[in-house]
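Have a look at the structure below before the remarks.
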Protein chains: 2
Amino acid sequence: MSNRSRILRLSRYKNAALRLKSLNFLKVFSDNLADATGVTASQVRKDFSIFSISGNRRGGYQIEELLTQLNRVLGKDKLQKFILVGVGNLGRALINYQGFAKSEIKIVAGFDTDPAKFNRKADTLILPMDELAGFIKTNEVELAILTVPEFNAQEAFDKLKAAGIKGILNFAPTRLKSDDKVIVHNLNLETEFENLIYFVNTKTLPSD
Amino acid sequence: MSNRSRILRLSRYKNAALRLKSLNFLKVFSDNLADATGVTASQVRKDFSIFSISGNRRGGYQIEELLTQLNRVLGKDKLQKFILVGVGNLGRALINYQGFAKSEIKIVAGFDTDPAKFNRKADTLILPMDELAGFIKTNEVELAILTVPEFNAQEAFDKLKAAGIKGILNFAPTRLKSDDKVIVHNLNLETEFENLIYFVNTKTLPSD
DNA sequence: GTAAATTTGTGAATAAAATCACATAATTTT
DNA sequence: AAAATTATGTGATTTTATTCACAAATTTAC
């Protein structure tokens with residue numbers, strides 16, 4: 001078993017554990033993680049149970065050990081290289097985003113069709129689309145971020161797929177479909193905004 | 001009943017319907033919407049049923065009428081004004097994001113503590129935090145986007161809450177909690193990346 | 001060293017969400 | 001205008017996810 005929201009929760013537990021670690025905590029209880037992430041304690045324990053993450057009865061979880069186990073499940077025990085296609089406002093923001101600094105996530109290059117954006121001297125190279133397939137092969141990149149306008153999304157997707165990319169985080173406002181070859185995670189900003197608007201307008205509390 | 005994923009699906013149906021409308025389609029079937037959004041046809045109909053959105057037996061849904069009903073539910077029948085706090089890379093990208101152009105979402109001002117960022121002449125004003133509360137009152141803004149670094153998130157949240165903001169889309173890597181006064185929708189980019197990494201590493205298809 | 005206290009881990013129970021399946025309504029065909 | 005066809009709409013069923021509740025393990029107190 002392994003659905004999306006369960007994995008999202010594991011990430012949150014990890015973030016909560018990291019925060020506690022930075023405050024010099026050595027151990028943490030399911031109760032603490034539940035408070036920090038807004039779920040129930042038994043949910044935390046059930047999630048751990050499903051991924052064979054274990055602690056000590058009465059002693060809680062050793063934070064260091066817990067983080068190791070969570071990072072193992074989440075694949076964060078090794079560097080994850082991403083390329084980014086579409087160096088517009090959002091693309092550039094993601095390339096410069098500081099939030100990944102401590103994590104094992106790295107955007108290794110950006111690609112665009114606009115020559116004005118190419119840059120072979122920057123910290124993160126910005127290259128023409130022609131070099132996409134070659135770069136992916138040479139650098140053994142499996143993951144991509146798609147931040148192109150709606151109209152170009154399908155074409156860019158096809159190129160990424162042809163070049164052997166295995167996973168795509170799609171910010172373009174077009175829903176792309178996962179298949180055996182490529183896993184797509186669609187993240188539509190307008191949809192997220194609309195969701196908030198709905199809950200504010202109806203004054204119901206979202207139940208996630 | 002009204003959980004987050006059901007509302008997210010309604011947004012997707014709406015986007016699919018919009019796309020079909022732009023191709024001059026006049027009607028659409030639950031089957032079409034299902035294909036376009038990656039769910040089952042009965043899911044589409046069940047979602048509609050729950051929000052009393054109805055079509056014509058044998059005739060499907062009139063797109064124009066369907067959009068009206070969806071926009072009513074999603075609160076997109078009127079302009080939704082947002083302010084944005086934290087004009088960094090991501091904040092600026094959202095301010096300049098073109099994807100909202102056709103929608104009823106508008107970012108009316110940005111706020112920051114850094115005087116270098118203030119701009120009273122730009123299309124979207126960038127103002128000092130001191131003016132936050134006043135602006136919110138004068139312009140009757142209920143919604144906010146939070147794109148500050150982790151360390152400043154709680155303080156900014158408190159100010160927004162005190163100023164009467166009703167809903168926050170939080171991009172800061174700190175989980176803020178919803179309550180009766182403010183609904184928070186947390187959107188943690190690192191978590192989204194990790195989620196993709198997990199499914200690529202384990203080669204399982206996400207079941208959302 | 002025994003008893004009391006506390007927290008995990010997980011089957012069992014409950015709740016929630018998705019799918020099925022079919023009666024009902026509308027349209028098209030003949 | 002009757003019969004055949006095609007979609008919706010929704011109770012019933014199934015599946016999935018969450019919570020409950022308690023035995024097992026460990027720690028602390030006496």
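Just so we're clear, the structure is a prediction, and the values are computed from it rather than from any experiment. The analysis underlying the following values was restricted to heavy atoms, covering all of them including side chains, and did not include hydrogens, waters or symmetry mates. Naming: A, B, ... by sequence-line order, numbering from 1 per chain.
- Atom pair B:R6:CZ and D:dT16:P shows a separation of 17 Å (rounding to whole Å applied).
- Distance CG (A:D47) to P (D:dT19): 10 Å, rounded to an integer number of Å.
- Using a 4.0 Å cut-off on heavy atoms, the residues of residues 21-36 of chain A that approach DNA chain C are A:F29, A:S30, listed by number.
- Across the protein-nucleic acid pair, A:I50 atom CD1 and C:dG9 atom C1' stand 12 Å apart, rounded to whole Å.
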Please table the atom pairs, donor to acceptor, closer than 3.5 Å between any side-chain atom in residues 134-146 of chain B and protein atoms at least two apart or in another chain.
| unit_1 | atom_1 | unit_2 | atom_2 | d |
| --- | --- | --- | --- | --- |
| B:T138 | OG1 | B:G134 | O | 2.8 |
| B:N139 | ND2 | B:F135 | O | 2.9 |

For residues 14-26 of chain B, dump all side-chain donor-acceptor pairs below 3.5 Å to protein atoms at least two apart in sequence or in another chain.
| unit_1 | atom_1 | unit_2 | atom_2 | d |
| --- | --- | --- | --- | --- |
| B:K14 | NZ | A:E194 | OE1 | 3.3 |
| B:K14 | NZ | A:E194 | OE2 | 2.2 |
| B:S22 | OG | B:R19 | O | 2.7 |

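- More than 12 non-hydrogen atoms from other residues, nucleotides or ligands lie less than 6.0 angstrom from CD of B:E131.
- Put simply, CG on A:N3 is 11 Å from P on C:dA18, counting in whole angstrom units.
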Which pairs would a plain distance check flag for residues 49-66 of chain B, meaning a side-chain donor or acceptor within less than 3.5 Å of a matching protein atom at least two apart in sequence or in another chain?
| unit_1 | atom_1 | unit_2 | atom_2 | d |
| --- | --- | --- | --- | --- |
| B:E65 | OE2 | B:Q69 | NE2 | 3.3 |

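- Surrounding NZ of B:K102 are at most 12 heavy atoms belonging to other residues, nucleotides or ligands under 6.0 Å away.
- At D:dT19, one or more side-chain N or O atoms of A:Q43 fall inside 4.0 Å of OP1 or OP2 (strictly under the cut-off).
- For D:dT18, one of the phosphate oxygens OP1 or OP2 lies less than 4.0 angstrom from a side-chain nitrogen or oxygen of A:R9.
- Atoms CZ (A:F51) and C1' (C:dT10) sit 16 Å apart, rounded to a whole Å.
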Set out, line by line, the N/O atom pairs under 3.5 Å between protein and nucleotides 1-3 of chain C.
none

Sequence neighbours left out, cut at 3.5 Å: what donor-acceptor pairs do the side chains of residues 103-111 of chain A make with other protein atoms?
| unit_1 | atom_1 | unit_2 | atom_2 | d |
| --- | --- | --- | --- | --- |
| A:S103 | OG | A:F100 | O | 3.1 |
| A:S103 | OG | A:I105 | N | 3.1 |

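- In this structure, A:V148 and A:P173 approach most closely via the heavy-atom pair O-CD, 4.4 Å.
- A search for side chain to side chain contact (heavy atoms under 4.5 Å, CB included) contacts involving B:Q98 returns nothing, not counting sequence neighbours.
- Among residues two or more places apart in sequence or in another chain, the side chain to side chain contact (heavy atoms under 4.5 Å, CB included) test is passed with A:T113 by A:M129.
- When each of A:D112, A:L160, A:N152 is tested with A:V85 by the rule side-chain contact (heavy atoms from CB on, under 4.5 Å), just one qualifies, namely A:L160.
- Of the two residues near DNA chain C, B:G59 and A:N56, the one whose nearest nucleotide lies more 5' is A:N56.
- Put simply, A:Y61 has no side-chain N or O that comes within less than 4.0 Å of OP1 or OP2 on D:dT26.
- Protein atom CZ of B:F48 is 15 Å distant from nucleotide atom P of C:dT19, rounded to whole Å.
- Residues B:I197 and A:G75 come closest through the heavy atom pair CG2-O, 4.0 Å.
- When rounded to the nearest whole Å, the span between CG of A:L8 and C1' of D:dT18 equals 16 Å.
- Contact annotation for A:S5: no contact, since no heavy-atom pair falls under 4.0 Å across all strands.
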Could I get a table of every N or O pair under 3.5 Å where one atom is in the protein and the other is in nucleotides 20-23 of chain D?
| unit_1 | atom_1 | unit_2 | atom_2 | d |
| --- | --- | --- | --- | --- |
| D:dA21 | N6 | A:R45 | NH2 | 3.4 |

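- Listed by first and then second residue, the ring-ring contact (aromatic ring centres under 6.0 Å, His included) pairs involving residues 141-179 of chain A amount to none (not counting sequence neighbours).
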N/O to N/O distances under 3.5 Å, protein versus nucleotides 2-5 of chain D:
| unit_1 | atom_1 | unit_2 | atom_2 | d |
| --- | --- | --- | --- | --- |
| D:dT5 | O2 | B:R58 | NH1 | 2.4 |

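- Judged as a salt bridge (Lys or Arg N to Asp or Glu O under 4.0 Å), and not counting sequence neighbours, the contacts of A:R9 are A:D47.
- Not a single donor-acceptor pair under 3.5 Å links the side chain of A:D77 to the backbone N or O of A:T68.
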